Peer 1: 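Supplied in structure tokens, the structure appears directly below.
Quick caveat: nothing in here was measured; it's all calculated off a predicted structure.
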Amino acid sequence: MNRVEIYTDGACKGNPGPGGWGVLLRGGGKEKELFGGEPQTTNNRMELLAVIMALQALKRPCEVILHVDSQYVLKGMTEWLVGWKAKGWRTASKQPVKNVDLWQRLDELVSRGGHHIVWRWVKGHDGDPGNERADMLANRGVGQSV
């Protein structure tokens with residue numbers, strides 16, 4: 001299996017407001033940058049969409065080290081998802097899961113992609129080079145969306 005290191009980030013100018021997502025993929029001595037945006041969205045949606053777009057870009061099953069600065073995405077994937085699915089996509093307080101469309105897309109990519117994913121949290125805006133690049137790409141995506 002190829003090993004890929006991925007950094008993702010989302011950005012939003014206003015919440016809701018114009019938003020962007022950014023991805024930095026590193027593997028096999030190569031780098032690839034991805035970014036995009038939406039005119040009216042939220043920061044959490046952009047954080048999720050960054051991870052979705054990163055995993056969709058992989059052409060074959062990989063060993064993935066996935067760096068996120070979003071506790072929402074990290075905890076959603078490593079703690080909350082199993083319970084949400086068991087409760088019919090409801091939270092512990094029986095409310096509908098927010099951004100369920102994106103959570104379901106991400107769950108599908110993770111469960112059917114054949115990847116071995118290690119989720120890593122990185123503190124945002126703290127000098128990590130991969131996270132800073134993903135942030136720059138997300139902000140480029142915001143600029144594209146307006």
Peer 1: Hydrogens and angles aside, do Asp69 and Asn131 bring a side-chain donor and acceptor to less than 3.5 Å of each other?
Peer 2: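 Checked: Asp69/Asn131 side chains pair up, N/O donor to acceptor below 3.5 Å.
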Peer 1: Is the backbone N or O of Ala138 less than 3.5 Å from a side-chain atom of Asp9, with the two atoms forming a donor-acceptor pair by type?
Peer 2: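 A pair under 3.5 Å: no.
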Peer 1: Give a yes or no on whether Val142 and Met136 share a hydrophobic cluster (residues Ile, Leu, Val, Met, Phe, Trp, Tyr; joining criterion: side-chain heavy atoms under 4.5 Å apart).
Peer 2: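 Val142 does not cluster with Met136.
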Peer 1: If you round to the nearest 0.5 Å, how far is CG of Leu109 from CD1 of Ile52?
Peer 2: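 Taking CD1 in Ile52 and CG in Leu109, the distance rounds to 6.5 Å.
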Peer 1: Give a yes-or-no answer on whether the side chains of His115 and Glu63 include a donor-acceptor pair shorter than 3.5 Å.
Peer 2: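 Short answer, no.
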Peer 1: Under 4.5 Å between side-chain heavy atoms, counting indirect links through other Ile/Leu/Val/Met/Phe/Trp/Tyr residues: same cluster for Val122 and Met77 or not?
Peer 2: no
Peer 1: Does the pair Glu108/Arg112 count as a salt bridge with the N-to-O cut at 4.0 Å?
Peer 2: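 Looking at Glu108 and Arg112, the cut-off is met.
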Peer 1: Does some side-chain heavy atom of Lys32 sit less than 4.5 Å from a side-chain heavy atom of Arg26?
Peer 2: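 Arg26 vs Lys32: side chains apart.
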Peer 1: Evaluate the criterion side-chain contact (heavy atoms from CB on, under 4.5 Å) for residue pair Ile65 and Ile6; output intermediate values, then yes/no.
Peer 2: CA-CA 6 Å; Ile65 310 284; Ile6 299 173; over 6 Å; no
Peer 1: Verify, without hydrogens or angle tests, whether Asn139 (side chain) and Asp135 (backbone) share a donor-acceptor contact under 3.5 angstrom.
Peer 2: yes
Peer 1: Would a 4.5 Å heavy-atom cut-off, applied to side chains only, mark Trp103 and Val97 as touching?
Peer 2: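 Result yes, sub-4.5 Å side-chain heavy-atom pair found.
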Peer 1: Give the C-alpha distance, both sets of side-chain angles, the deciding distance and a yes or no for side-chain contact (heavy atoms from CB on, under 4.5 Å) between Arg45 and Lys98.
Peer 2: CA-CA 9 Å; Arg45 288 188 69 79; Lys98 290 181 182 175; over 6 Å; no
Peer 1: Applying a strict under-4.5 Å side-chain criterion to I, L, V, M, F, W and Y, I'd like to know whether Val118 and Val110 cluster together.
Peer 2: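 No, no single cluster joins them.
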Peer 1: Can you name the nearest heavy-atom pair linking Gly130 to Asp128, along with the distance?
Peer 2: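 For Gly130 and Asp128, the tightest heavy-atom pair comes out as N-OD1, 3.0 Å.
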Peer 1: Between Asp107 and Trp89, what is the shortest heavy-atom contact and its length?
Peer 2: OD2-CZ2, 4.3 Å
Peer 1: Using 0.5 Å steps for rounding, measure from the NZ atom of Lys75 to the OG atom of Ser70.
Peer 2: 10.5 Å
Peer 1: Rounded to the nearest 0.5 Å, how far apart are CG of Leu25 and NZ of Lys30?
Peer 2: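 So the gap between those two atoms works out to 12.5 Å.
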Peer 1: Could you tell me whether the side chain of Tyr7 reaches within less than 4.5 Å of the side chain of Arg133, counting heavy atoms only?
Peer 2: no
Peer 1: Glu132 and His125: which non-hydrogen atoms are nearest, and at how many Å?
Peer 2: OE2-CA, 3.4 Å
Peer 1: Restricting to non-hydrogen atoms, name the atom on Ala54 and the atom on Val23 that form the minimum distance, rounded to 0.1 Å.
Peer 2: CB-CG1, 3.6 Å
Peer 1: Measuring from Leu58:CG to Met53:CE, what's the distance to the nearest 0.5 Å?
Peer 2: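 Leu58 atom CG to Met53 atom CE measures 12.0 Å (nearest 0.5 Å).
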Peer 1: Any heavy-atom pair between the side chains of Leu137 and Arg140 that's under 4.5 Å?
Peer 2: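 Heavy-atom side-chain distance check passes, below 4.5 Å.
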Peer 1: Can you see which heavy atom on Gly114 is nearest to which on Pro61, and at what distance?
Peer 2: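 It is O-CB, 3.3 Å.
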Peer 1: Does the side chain of Pro96 reach to within under 4.5 Å of the side chain of Arg90, using non-hydrogen atoms?
Peer 2: yes
Peer 1: Between Trp21 and Leu34, is any pair of side-chain heavy atoms under 4.5 Å apart?
Peer 2: yes
Peer 1: Flag the pair Trp119 / Val51 as yes when at least one side-chain heavy-atom distance between them is below 4.5 Å, and no otherwise.
Peer 2: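 Yes. Closest side-chain heavy atoms under 4.5 Å.
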Peer 1: Assigning hydrophobic clusters by single linkage (Ile, Leu, Val, Met, Phe, Trp, Tyr; side-chain heavy-atom cutoff under 4.5 Å), is Met1 placed with Val64?
Peer 2: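 No: no chain of side-chain contacts under 4.5 Å links Met1 to Val64.
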Peer 1: Drop me the distance from Leu74's CG to Arg120's CZ, to the nearest 0.5 angstrom.
Peer 2: 11.5 Å
Peer 1: Are Leu24 and Phe35 connected in the hydrophobic side-chain network, where two residues link if heavy atoms are under 4.5 Å apart?
Peer 2: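 Different clusters: Leu24 never reaches Phe35 through Ile, Leu, Val, Met, Phe, Trp or Tyr contacts under 4.5 Å.
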Peer 1: Given side chains that start at C-beta, do those of His67 and Trp121 come closer than 4.5 Å, heavy atoms only?
Peer 2: no
Peer 1: Nearest 0.5 Å please: distance from the CG atom of Asn44 over to the CG atom of Asn15.
Peer 2: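 One finds 7.0 Å between CG of Asn44 and CG of Asn15.
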Peer 1: Determine the minimum heavy-atom distance between Gly10 and Asn43, stating which atoms define it.
Peer 2: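 Looking at all heavy atoms of both residues, the shortest contact is O-OD1, 3.4 Å.
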